[in-house]
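As a basis for the values below, the full set of heavy atoms in this structure was taken, side chains included, without hydrogen atoms, waters or symmetry mates. Just so you know, ligand 1 is whichever comes first in the structure, and atom 1 is the first atom listed for that ligand. Fair warning: this is a prediction, and the values are worked out from it, not measured in the lab.
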Amino acid sequence: MKIDILTLFPEMFSSLNESIIGKAIENNLIEINLINIRDFSKDKHKKVDDTPYGGGAGMVIKPDVVYDAFKSIKSKDAKTIYMSPQGKVLNSEKVKELSKEAHLVLLCGHYEGIDQRVLDEIVDEEISIGDYVLTGGELPAMVLIDSVSRYIEGVISKESVEEESFSNGLLEYPQYTRPEIFLNRSVPKVLKSRKS
Ligand code: 21W
């Protein structure tokens with residue numbers, strides 16, 4: 001799967017190079033492309049936002065800058081997702097559905113928001129990760145990437161995907177490893193005769 005990320009803070013995504021997702025990127029199972037929206041500013045001061053029409057606090061990201069950043073992505077058949085607190089809350093059904101896409105474009109906004117006209121033009125879907133307020137769409141985009149990646153063939157073992165998806169953790173159980181006694185607490189006897 002190819003994932004293009006449109007963001008003002010591309011450095012935030014360096015944590016994706018760790019652990020299981022990092023391995024999946026190394027193994028070319030996931031290709032992540034970071035696009036800094038600021039690179040598309042025509043302003044000499046690299047300005048990307050402006051005051052909102054109608055007044056109010058904060059700033060709004062300009063439509064042309066986001067549109068030019070979007071157009072720099074070569075591919076017509078990508079699904080474009082705007083990470084937004086107003087979006088539909090992500091769940092495992094949506095995660096599985098997205099994992100079947102060949103190409104995703106993730107647009108990350110900030111508290112200020114993005115001019116609605118460019119959203120109307122380029123966005124296919126709006127997704128939130130839950131009903132609480134964050135400072136931007138970057139962490140939500142990483143949550144989406146992490147959850148979707150687990151369903152991409154080869155990222156984790158088939159057994160792991162099946163075990164975890166077995167009804168929302170209802171079959172989850174406490175786990176133990178060596179030592180057999182830790183701080184005077186023993187591993188449950190029922191587990192002790194079993195070879196791993
Ligand atoms: C917070 C963006 C508040 C916009 C109109 C007038 C992406 C997120 C985010 C953020 C506002 C997600 C406004 C769960 C989240 C995200 C930053 C409201 C101000 N609009 N999932 N004034 N929670 N959050 N905009 O916060 O971008 S997915």
(message) For residues M1 and I20: do they belong to one hydrophobic cluster (side chain heavy atoms under 4.5 Å, members Ile, Leu, Val, Met, Phe, Trp, Tyr)?
(response) yes
(message) For S84 versus S128, what's the shortest heavy-atom pair and its separation?
(response) O-CB, 3.2 Å
(request) Note the single closest protein heavy atom to atom 3 (C) of ligand 1, along with its residue, its atom name and the distance in Å. (result) Y111 CD1, 3.4 Å
(message) So if I count the atoms of ligand 1 from 1 in the order they appear, which ones are less than 4.0 Å from some heavy atom of H110?
(response) 2 (C), 4 (C)
(request) For atom 1 (C) of ligand 1, decide whether some protein heavy-atom distance is shorter than 4.0 Å. (result) yes
(message) Return the closest protein heavy atom for atom 17 (C) of ligand 1 as residue, atom name and distance.
(response) L134 O, 3.3 Å
(message) Tell me the nearest of A141, G130, P85 to atom 14 (C) of ligand 1, using heavy-atom distances.
(response) G130
(request) Specify side chain, backbone, both or neither for D131, according to which of its non-hydrogen atoms lie closer than 4.0 Å to ligand 1. (result) neither
(request) Number the atoms of ligand 1 from 1 as they appear, then name those within less than 4.0 Å of a heavy atom of T135, with their elements. (result) 17 (C)
(message) To check you understand the geometry: which heavy-atom pair defines the closest contact between V65 and S41, and what is its length?
(response) CG1-N, 3.9 Å
(message) Please list the nearest protein heavy atom to atom 12 (C) of ligand 1 with its residue and the distance rounded to 0.1 Å.
(response) P140 CG, 3.7 Å
(message) Looking at ligand 1, would V89 count as a contact under a 4.0 Å heavy-atom criterion?
(response) no
(request) Looking only at non-hydrogen atoms, find the nearest pair between I73 and D4 and report the distance. (result) CG2-OD2, 3.1 Å
(request) Grab the two heavy atoms, one from I152 and one from L29, that are nearest each other, plus how far apart they are. (result) CG2-O, 4.1 Å
(request) Could you name the option among G137, S84, P52 that has the heavy atom nearest to atom 28 (S) of ligand 1? (result) S84
(request) Please report the closest heavy-atom contact between L107 and Y82, naming both atoms and the distance. (result) O-CD1, 3.5 Å
(message) Has D124 got a side-chain atom pairing as donor or acceptor with T80's backbone, closer than 3.5 angstrom?
(response) yes
(request) Give the residue, atom name and distance (to 0.1 Å) of the protein heavy atom nearest atom 21 (N) of ligand 1. (result) I129 N, 3.0 Å
(request) State whether any protein heavy atom lies less than 4.0 Å from atom 24 (N) of ligand 1. (result) yes
(message) I'd like to know whether ligand 1 has G113 as a neighbour, heavy-atom separation below 4.0 Å.
(response) no
(request) State the atoms of ligand 1, each with its element, that fall below the 4.0 Å cut-off from a heavy-atom position in I127. (result) 28 (S)
(request) Would you check, one step at a time, whether the test side-chain contact (heavy atoms from CB on, under 4.5 Å) holds for M83 with I81? (result) CA-CA 6 Å; M83 305 312 300; I81 298 168; 3.9 Å; yes
(message) How close do S186 and I181 get, counting heavy atoms only, and between which atoms?
(response) OG-CG1, 3.9 Å
(request) Give a yes or no on whether I37 and V60 share a hydrophobic cluster (residues Ile, Leu, Val, Met, Phe, Trp, Tyr; joining criterion: side-chain heavy atoms under 4.5 Å apart). (result) no
(request) For V133, counting its heavy atoms only, list the atoms of ligand 1 lying under 4.0 Å from any of them. (result) 1 (C), 26 (O)
